[in-house]
Amino acid sequence: MSSHGLTVGFLAEIMQGNELQNPVVQILGSKRIAGNGEQSERFRLLISDGKSLYSFAMLATQLNDLQKQDKLPQYTIIRIDRYTTSVVNRNEKGEKRVLIIVELTVLKEGSLVGEKIGDPQPMTDTPSQPATTQAPARPMDTGSNTMGNGASYGSANRSLSGGSAGPTQSIGDSLTHPISSLSPYQNKWVIKARVMSKSGIRTWSNAKGEGKLFSMDVMDESGEIRITAFKEQCDRYYDMIEVEKVYFISKCQLKPANKQYTSLKNDYEMTMTNDTIVQECKDADGSMPEIQYNFVPISQIANMEPNAMVDVIGMCKDASDVVQFTAKTSGRELRKREITLVDSSNASVQLTLWGDDAQNFPATTHPVVLLKGARVSEFGGGKSLGLIGGSVMKLNPDLEMAHKVRGWFENGGSEASVSSVSARTGGAAGVSTEWLSFQEAKDKNLGAGDKPDYFQMLIGDWTSNRWVTVFTELAEEMLGKSSQEIGSSLEYQKEEAEKLFTSISFKSFVFKLRTKVEYFGEQPRNKTSAVSVAPVNHKEYNALLIKSIQELTGVGKN
DNA sequence: CCCCCCCC
């Protein structure tokens with residue numbers, strides 16, 4: 001066939017707002033559209049259906065790599081497996097319709113085709129007028145004057161979620177703009193976007209005034225953007241917005257995004273205004289992308305930089321109780337809960353939850369915990385996870401990965417020996433803490449660096465001895481009495497107190513110590529305090545001794 | 001117009 005299987009007439013059809021399944025087209029050219037930085041890079045394609053030429057096709061960003069790897073050269077024949085259309089620059093002259101290619105299959109390599117098929121002619125940008133009268137519910141055509149309150153949104157949405165197939169839906173879709181096309185220079189737009197995350201309501205009070213706000217991160221095929229709602233808009237939309245749902249949104253104010261506060265791939269962010277209209281799109285399934293996760297094995301978190309963002313899915317192996325305390329620096333009352341997550345990389349990581357997240361966590365169950373955009377932080381050489389503004393936590397999500405990790409956990413994983421990437425060793429994750437004598441600690445010059453170093457040792461050391469400070473909690477643990485009891489003994493029952501202190505003399509413990517050079521005037525001195533104390537595990541200690549003996553003598557080594 | 005995201 002001379003058309004080489006191209007779907008002749010496809011382009012004219014989509015310009016009418018019709019949809020066709022799996023059209024086949026030929027690529028005749030491509031062009032890189034530079035955004036600000038690689039994150040907003042886009043590729044525009046010149047395509048042909050054998051009859052018409054069309055230059056407003058764009059690759060969804062997740063297909064950018066195909067273009068970069070030169071998999072889509074001139075003359076390539078592709079099948080478009082999934083696409084959406086959007087209208088940009090709609091005005092008196094008509095509209096410009098953009099075809100966004102979301103999934104494609106290369107049917108024949110360009111070099112094998114080697115020529116332009118047929119004699120396709122350029123399409124005009126102004127096809128037949130869209131049927132405006134059929135779409136009273138489109139946010140863009142519905143003046144804000146008549147849509148000023150939240151109550152009307154539900155009913156206004158009816159024609160978009162109607163039962164009959166096809167046309168109704170494509171009317172709604174035909175009027176939406178890709179998020180990646182939005183800029184502050186153009187305010188006539190409607191986006192159709194899925195909510196990825198939603199913050200809580202936060203209030204502020206400063207020199208400029210006070211108020212409240214919430215923000216949400218939304219996405220479509222083309223990209224993502226943050227939307228913030230202040231004061232009235234916060235009240236109006238907070239309850240309405242639900243994570244994962246799809247909404248039509250129009251008439252927000254765009255401004256350059258402050259990259260310091262977001263990792264979203266967009267140069268802009270937006271703020272809702274009095275004119276903003278938000279409508280839920282109730283039948284968006286299939287036409288909208290699902291939220292994408294880039295799960296990383298927990299073991300890999302060990303190698304990540306502090307402040308990196310990460311998606312993780314793991315089993316909750318342990319959850320502490322909620323601890324309430326006053327932050328020493330800020331004086332704030334804080335509530336936190338530490339969750340231990342494990343996965344089949346045989347690693348665990350601490351997730352710190354705060355406030356209501358901590359309170360509401362179902363600690364008595366073993367949920368699968370999904371984190372999107374969790375933040376990596378570092379403490380004492382170990383890595384842990386926390387949630388920030390754009391982070392999402394889901395429990396027991398119905399995802400294959402979630403079932404997998406539960407399967408692993410329930411078939412031995414819960415008993416598996418895992419190494420903690422959160423261990424505060426100062427060394428690589430998973431490497432057990434180094435055992436040192438006092439002499440070795442001195443030789444290594446521990447404590448000389450900026451950061452305190454950690455080391456373990458055995459009291460009763462054969463090389464030396466040292467005064468070590470033991471703070472409240474550990475002292476209570478060692479002495480088996482509360483600090484109040486010890487304090488009152490010291491004051492009123494000196495003999496009792498002395499007995500108490502003598503009782504732990506010559507006892508063996510395993511200590512983890514912190515040492516740091518501090519200056520007393522000109523004099524540098526290593527100040528050492530205990531970080532943890534535990535009874536001697538003779539099995540473990542014997543293993544260490546045997547290993548040392550083997551290393552010294554060479555006996556029993558392979 | 002926020003922009004804190006905590007603690008050891």
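Each chain gets a letter, A, B and so on, in the order its sequence line appears, and its residues count up from 1.
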If you look at every strand shown and take non-hydrogen atoms under 4.0 Å, does [X] touch a base, only sugar-phosphate, or nothing?
| X | value |
| --- | --- |
| E269(A) | base |
| T352(A) | base |
| G209(A) | nothing |

Would you indicate, yes or no, if dC3(B) has its OP1 or OP2 atom less than 4.0 angstrom from a side-chain nitrogen or oxygen of K259(A)?
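No, because none of the side-chain N or O atoms of K259(A) sits under 4.0 Å from OP1 or OP2 of dC3(B).
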Less than 4.0 angstrom between a side-chain N/O of R226(A) and OP1 or OP2 of dC3(B), yes or no?
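It does not, given that no N or O in the side chain of R226(A) lies less than 4.0 Å from OP1 or OP2 of dC3(B).
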For the pair K394(A) and E244(A), find out whether any cationic side-chain nitrogen is under 4.0 Å from an anionic carboxylate oxygen.
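Salt bridge flag = yes for E244(A) with K394(A).
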Carboxylate-amine/guanidinium proximity below 4.0 Å for D267(A) and K259(A):
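A salt bridge links D267(A) with K259(A).
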Can W354(A) be classed as stacking with the base of dC5(B), given a centroid separation cut-off of 5.5 Å and a plane angle cut-off of 30°?
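Not stacked: fails the 5.5 Å / 30° test.
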Would you mind reading off the distance between [X] atom [atom1] and [N] atom [atom2], rounded to a whole angstrom?
| X | N | atom1 | atom2 | result |
| --- | --- | --- | --- | --- |
| R337(A) | dC5(B) | CZ | C1' | 19 Å |
| Q260(A) | dC3(B) | CD | P | 12 Å |
| Q359(A) | dC6(B) | CD | P | 19 Å |
| Y261(A) | dC5(B) | OH | P | 10 Å |
| D356(A) | dC5(B) | CG | C1' | 14 Å |
| L351(A) | dC8(B) | CG | C1' | 16 Å |
| D357(A) | dC6(B) | CG | P | 13 Å |
| L387(A) | dC6(B) | CG | P | 10 Å |

What nucleotide among [options] has an atom nearest to a side-chain atom of [X]?
| X | options | result |
| --- | --- | --- |
| W204(A) | dC8(B), dC1(B), dC6(B) | dC1(B) |
| R375(A) | dC1(B), dC6(B), dC8(B) | dC6(B) |
| F379(A) | dC1(B), dC8(B), dC3(B) | dC8(B) |
| K231(A) | dC1(B), dC3(B), dC8(B) | dC1(B) |
| L334(A) | dC6(B), dC1(B), dC3(B) | dC6(B) |

Rounded to the nearest 0.5 Å, what separates atom NE2 in H366(A) from atom CZ in F409(A)?
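Going from the NE2 atom of H366(A) to the CZ atom of F409(A) covers 5.5 Å.
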Rounded to the nearest 0.5 Å, what separation is found between the OG1 atom of T228(A) and the CZ atom of F214(A)?
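One finds 9.0 Å between OG1 of T228(A) and CZ of F214(A).
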Could you pick out which residue, I388(A) or T326(A), lies toward the 5' side of DNA chain B when each is mapped onto its nearest nucleotide?
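The residue whose closest nucleotide sits nearer the 5' end is I388(A).
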When you measure from the side chain of S222(A) to the backbone N and O of S180(A), does any donor-acceptor pair fall under 3.5 Å?
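Between the backbone of S180(A) and the side chain of S222(A) there is a qualifying donor-acceptor contact (under 3.5 Å).
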